Amino acid sequence: MNLLHNLLVAVQIISALVMIGLVLIQHGKGADMGASFGSGASGSLFGATGSANFLSRSTAVCAAVFFACTLTLAFFANDRASRPAGGSSVLEGAAAPAASVPSTGAALVPGSASAPAAAVPAPAPTASSGAGAVPAK
């Protein structure tokens, strides 16, 4: 299955690059517009639109191969036989979170069992701050 997936991805990338190249080397339909008004001879026998030449047919074949590879890869990505039975959610197959908190962050977690009772001591009141005038209970 993995070999087929890699082969499909390679064919899809190659067909995409070939299709880009074929589109870039073709001239547009507007290139023959001056020929229809008498400024030159048109290379088309069947009017202004012209017939399908080798480049346009090759582009169509590359596009068909690209879309076939895309649909096949999408089908393999959505293969329901490889999923675990009973779940339709992505989160049902996720791993459970770790049960213990690392010791370096235990003092930062409020209410954790391993945190000391007074992890951060309160600053002592100073006479200049005015906090010393408040009676402590």
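Note: hydrogens, waters and symmetry copies are ignored here, and every other heavy atom, side chains too, is used. Remember, predicted model here, so these are calculated numbers, not experimental data.
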Taking the hydrophobic residues Ile, Leu, Val, Met, Phe, Trp and Tyr, and joining any pair whose side-chain heavy atoms are under 4.5 Å apart, which ones share a cluster with I20?
-> L24
Pair T59, Q26: side-chain N/O donor-acceptor within cut-off below 3.5 Å = yes
CG of L4 to CZ of F76, rounded to nearest 0.5 Å, is 4.5 Å
Checking side chain to side chain contact (heavy atoms under 4.5 Å, CB included) for the pair V11/F66: CA distance, chi angles, key distance, verdict?
-> CA-CA 8 Å; V11 169; F66 178 80; over 6 Å; no
Taking the side chain as C-beta and beyond, is there a heavy-atom pair between S56 and N53 under 4.5 Å?
-> yes
Taken to the nearest 0.5 Å, the spacing of L55 CG from S58 OG works out to 6.0 Å
Using modelled atom types only, decide if a donor and an acceptor are shared between the side chain of N2 and the backbone of H5 within a distance under 3.5 Å.
-> no
Within-4.5 Å side-chain heavy-atom neighbours: L3 and L7 = no
List, by chain and then residue number, the residues other than L71 in its hydrophobic cluster (Ile/Leu/Val/Met/Phe/Trp/Tyr, side-chain heavy atoms under 4.5 Å); write none if there are no others.
-> none
Counterpart residues, side-chain contact (heavy atoms from CB on, under 4.5 Å), relative to I14 (two or more places apart) | V18
Is it possible for you to say whether L17 and L8 belong to one hydrophobic cluster, with membership spreading through side-chain heavy-atom contacts below 4.5 Å?
-> yes
Considering residues at least two apart in sequence or located in another chain, which fulfil the side chain to side chain donor-acceptor pair (under 3.5 Å) criterion with T70?
-> Q12
Please name all residues satisfying side-chain contact (heavy atoms from CB on, under 4.5 Å) with A64, sequence neighbours left out, ordered by chain then number.
-> none
side-chain hydrogen bond (donor to acceptor under 3.5 Å, both in side chains) pairs touching residues 15-25, sequence neighbours excluded, are none
